[in-house]
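Working notes, beginning with the structure itself.
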Amino acid sequence: MQRMMLAAASAVLLGTGIGMPAGDVLPVQGPDAYYASVPPAAWMPADTADSLYRLARQALNRGRYREAAEQFRSIYSLYPQSTYAADAYYWEAFALQRIGGGRNLRRALAALELQRAEHPEATTRGDAEALRSRINADLARLGDAEAAAEIAQEAAEVAEAPEAPMPVAAPEPAAAPGVVRVGPSPRVPRVPRTPRVGRYGNADCEGEDDSRIFAIQALMNSNRERALPLLQKVLARRDTGSVCLRRFALMVAAQQRGAEATDLLLTSARSDPDQEVRTQAVFWLSQT
């Protein structure tokens, strides 16, 4: 997922094929840029579930999603100690989301919840949060009020800047007998490090805020009127902890059409304190 977001944050408008010059970025298209969509090749031939994983992976890659979902479920059901079990929950959920429909989408959410409870260390856990947002967005479009409320709440939380931490005063050393101590000087709060600009402009943002920004992307697909103000709040943030988030948010803004989205890009290009955010905003303006 990290390598996908590195490309997506500075490269291609989803669904358009418009990109930056070759050699500057790694182009990625479609909503799958936010989470893993191709299972890795089998890597543990001695594992008892290796052959089953190979079959499940083949079925998924060939679009046989029902078969793939059943086989990935069998991996963690029959071989819970398998090396492949931790990520099998995610791939089952991914296959079920591809099938679609309310029942399958809810089963997909249940699989992701099981993974969170049983295997929080799984390599696909970051991808799972983005996939969960996508599934909730799909359910919201089907009229699921609970899913719509969850995706809206998640998007609203992303838009809010965290409160600045209160500076912690250093403990005072004991005063020597007979010495009158003057009150301590106020402690200067530590300033968070601003992400460095790497080879692709945002290399240090790789994997930083991909799942969080997808919550707003998902809400944009189901309730654009509610999502646009939240996207505006994200791009209006100026805390150093949201630099990567703002860079990714530019891509979401660039996917939209209309004066509101153009204004968001213009504002970022003019006033964002991060040079790379301004540079990317200018690029997206040139494409939209």
Answer yes or no: is there a donor N or O on one side and an acceptor on the other, between the side chain of [X] and the main chain of [Y], under 3.5 Å?
| X | Y | value |
| --- | --- | --- |
| Arg103 | Gly100 | no |
| Ser286 | Phe283 | yes |
| Asn104 | Ile99 | no |
| Arg237 | Glu160 | yes |
| Asp47 | Ser82 | no |
| Arg278 | Asp272 | yes |
| Gln115 | Ala86 | yes |
| Arg98 | Gly63 | no |
| Tyr35 | Phe94 | no |

| message | Are Val234 and Val252 packed together at the side-chain level, in the sense that at least one heavy-atom pair is separated by less than 4.5 angstrom? | response |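 With C-beta onward as the side chain, the pair stays apart.
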| Contact check, side chains of Arg116 and Glu129, non-hydrogen atoms, under 4.5 Å |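 Counting from C-beta outward, Arg116 and Glu129 do come under 4.5 Å.
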| said: Salt bridge or not between Arg64 and Glu70? Use side-chain N to carboxylate O under 4.0 Å. | reply: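 Here Arg64 does not pair with Glu70 in a salt bridge, since their nearest N and O are not under 4.0 Å apart.
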| Residues Glu92 and Tyr76: side-chain donor-acceptor under 3.5 angstrom |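 Short answer, yes.
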| said: Is it the case that the side chains of Asp239 and Ser242 hold a donor-acceptor pair, with the cut-off being a distance below 3.5 Å and no angle test? | reply: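 Looking only at side-chain atoms, Asp239 and Ser242 do form a donor-acceptor pair, the distance falling under 3.5 Å.
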| request: For the pair Tyr53 and Tyr84, name the ring-plane relationship: parallel under 30°, tilted 30 to 60°, perpendicular over 60°. | output: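 Aromatic pair Tyr53/Tyr84 classed parallel.
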| query | Among Glu146, Glu150, Arg141, which one satisfies side-chain contact (heavy atoms from CB on, under 4.5 Å) with Asn136? | reply |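 So, applying the side-chain contact (heavy atoms from CB on, under 4.5 Å) to Asn136 and each of Glu146, Glu150, Arg141, only Glu150 qualifies.
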